[in-house]
Amino acid sequence: MKKNVISMIMIAVGCFALLAFVVPQEQKKGAPWEIPAEYKKMQNPHKGDASLDKLGKATYNKHCRSCHGNTGLGDGPMAKSLKTHPGDFGDAEFQKHNDGELYYMSIIGRDEMPNFESKITDLEERWAVINYIRTFKK
């Protein structure tokens, strides 16, 4: 009888441990961004430049896709490990930001969003990513 009780407790503990890995943890929504005025005023010198489409997609796939996913929904394989949901790039609330604000959010970053200034050093490549992010608009 005592062995059965111990076995049942061990099974219950194992089930709870397994559920901790299987059940997704609640992610909080990020606080509003505080974007410096200089970025709010920035103009995208490559806006609408279709020659940068491949560069933007390749750079996005290399640096952004792991968290933001293939279509910018915030469902990349690394997203589940973040405390804050990466956000949905197609969402109207996100897309209402101007290009300078998207530049700040995407290249400068904050908290769990890393700074990409040292990884994406070319300005044209940075703007190519911003242009590519715009393609996720729903």
Side-chain angles (χ1 to χ4, degrees):
M1 176 74 174
K2 190 174 182 180
K3 278 186 170 182
N4 286 342
V5 171
I6 291 173
S7 295
M8 295 296 283
I9 290 172
M10 296 295 285
I11 290 171
V13 169
C15 288
F16 283 118
L18 182 62
L19 285 173
F21 292 105
V22 174
V23 175
Q25 303 299 313
E26 186 75 26
Q27 286 181 315
K28 66 181 180 181
K29 182 178 178 184
W33 285 75
E34 293 181 25
I35 300 171
E38 67 187 273
Y39 290 96
K40 289 183 176 184
K41 291 187 263 179
M42 283 179 83
Q43 298 293 314
N44 181 349
H46 302 283
K47 189 173 190 128
D49 185 347
S51 70
L52 297 178
D53 290 355
K54 286 184 180 178
L55 176 63
K57 183 176 182 177
T59 303
Y60 176 88
N61 286 340
K62 180 178 179 181
H63 297 291
C64 314
R65 185 174 59 180
S66 63
C67 292
H68 295 283
N70 289 330
T71 57
L73 294 175
D75 60 350
M78 296 294 293
K80 292 179 183 173
S81 66
L82 300 173
K83 294 176 184 170
T84 305
H85 187 271
D88 179 353
F89 288 159
D91 182 67
E93 192 70 24
F94 179 83
Q95 288 285 335
K96 78 177 184 183
H97 292 284
N98 68 38
D99 285 353
E101 292 169 331
L102 293 186
Y103 181 98
Y104 182 81
M105 296 161 72
S106 303
I107 304 300
I108 307 302
R110 70 166 186 192
D111 304 328
E112 291 180 295
M113 177 62 196
N115 179 297
F116 282 99
E117 291 176 294
S118 64
K119 293 183 178 174
I120 307 172
T121 58
D122 182 69
L123 282 175
E124 187 176 76
E125 186 177 11
R126 292 177 181 178
W127 287 113
V129 172
I130 303 306
N131 290 346
Y132 186 69
I133 289 171
R134 288 284 186 208
T135 67
F136 296 129
K137 184 177 181 180
K138 295 176 186 167

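Heavy atoms only: backbone and side chains are in, while hydrogens, waters and symmetry mates are out.
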Is there a donor-acceptor contact under 3.5 Å from the side chain of [X] to the main chain of [Y]?
{"X": "Asn44", "Y": "His46", "answer": "yes"}
{"X": "Thr59", "Y": "Gly56", "answer": "no"}
{"X": "Gln27", "Y": "Ala79", "answer": "yes"}
{"X": "Arg65", "Y": "Gly76", "answer": "no"}
{"X": "Gln95", "Y": "Ile133", "answer": "yes"}

**OP:** Show your reasoning for whether side chain to side chain contact (heavy atoms under 4.5 Å, CB included) applies to Arg126 and Val129.
**Re:** CA-CA 5 Å; Arg126 292 177 181 178; Val129 172; 6.0 Å; no
**OP:** Just jot down the salt bridge (Lys or Arg N to Asp or Glu O under 4.0 Å) partners of Glu38, sequence neighbours excluded, or say none.
**Re:** none
Original post:
Excluding sequence neighbours, so at least two apart, what forms salt bridge (Lys or Arg N to Asp or Glu O under 4.0 Å) with Asp88?
Top reply: Lys138
Under a 4.5 Å side-chain heavy-atom rule over Ile, Leu, Val, Met, Phe, Trp and Tyr, are [X] and [Y] clustered together?
{"X": "Tyr103", "Y": "Ile35", "result": "yes"}
{"X": "Leu82", "Y": "Trp33", "result": "no"}
{"X": "Leu55", "Y": "Tyr132", "result": "no"}
{"X": "Tyr60", "Y": "Met78", "result": "no"}
{"X": "Met113", "Y": "Ile107", "result": "yes"}

For the atom pair [atom1] ([X]) and [atom2] ([Y]), what is the distance rounded to the nearest 0.5 Å?
{"X": "Phe89", "Y": "Thr135", "atom1": "CZ", "atom2": "OG1", "value": "10.5 Å"}
{"X": "His63", "Y": "Asn61", "atom1": "NE2", "atom2": "CG", "value": "10.5 Å"}
{"X": "His97", "Y": "Met105", "atom1": "NE2", "atom2": "CE", "value": "4.0 Å"}
{"X": "Ile120", "Y": "Ser106", "atom1": "CD1", "atom2": "OG", "value": "8.5 Å"}
{"X": "His85", "Y": "Cys67", "atom1": "NE2", "atom2": "SG", "value": "10.5 Å"}
{"X": "Tyr104", "Y": "Arg110", "atom1": "OH", "atom2": "CZ", "value": "8.5 Å"}

**OP:** With side chain to side chain contact (heavy atoms under 4.5 Å, CB included) as the test, would you mind laying out the steps for Glu112 and Lys83 before giving the verdict?
**Re:** CA-CA 8 Å; Glu112 291 180 295; Lys83 294 176 184 170; 3.7 Å; yes
**OP:** Test Phe136 against His68 for side chain to side chain contact (heavy atoms under 4.5 Å, CB included), laying out the working first.
**Re:** CA-CA 11 Å; Phe136 296 129; His68 295 283; over 6 Å; no
Original post:
Under a 4.0 Å N-O cut-off, is there an ion pair linking Arg134 with Asp99?
Top reply: yes
**OP:** Report the C-alpha distance between Trp127 and Met42 in whole Å, list the side-chain angles of each, state the deciding distance to 0.1 Å, and finish with yes or no for side chain to side chain contact (heavy atoms under 4.5 Å, CB included).
**Re:** CA-CA 11 Å; Trp127 287 113; Met42 283 179 83; 3.5 Å; yes
